[in-house]
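Here is the structure we will look at.
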Amino acid sequence: MDDRKDPIQKLLDGPVSVVNIGLAQFARTLEGEGVAVVQVDWSPPAGGDRRLIDLLDKLGA
């Protein structure tokens, strides 16, 4: 029998820790299951408005 493990299985064999970006409900659900979670409050720059993002990019240039 081959003793090598699938890399995904090796990753999941240990304790799971999650960095959640965005949807806080997802983090709360994982925490309810005992998963260690770091929640990052993030949203797209300029609300995702492409025109505003382009203008911000020009300011940073």
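Note that the numbering runs from 1 along the sequence shown for the chain.
The hydrophobic cluster of Ile53 has no other members, since no ILVMFWY side-chain heavy atom comes under 4.5 Å of it. Hydrophobic cluster of Leu55: the remaining members, joined at side-chain heavy-atom separations below 4.5 Å, are Leu52, listed by chain and number.
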Let me check something: any side-chain donor-acceptor pairs from residues 6-20 under 3.5 Å, sequence neighbours excluded? List them with distances.
residue : atom : partner : partner atom : Å
Gln9    : NE2  : Asp13   : OD1          : 2.8
Asp13   : OD2  : Lys5    : NZ           : 2.5
Asn20   : ND2  : Leu23   : O            : 2.7
Asn20   : ND2  : Gln39   : OE1          : 2.6

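Under the salt bridge (Lys or Arg N to Asp or Glu O under 4.0 Å) criterion, no residue pair touches residues 19-32, with sequence neighbours excluded. Counting only residues at least two apart or on different chains, no salt bridge (Lys or Arg N to Asp or Glu O under 4.0 Å) pair has a member in residues 33-46.
Nearest heavy atoms, Trp42 versus Pro45: CZ2-CD, 4.2 Å.
Residues satisfying the side chain to side chain donor-acceptor pair (under 3.5 Å) criterion with Arg50, sequence neighbours excluded, are Asp54.
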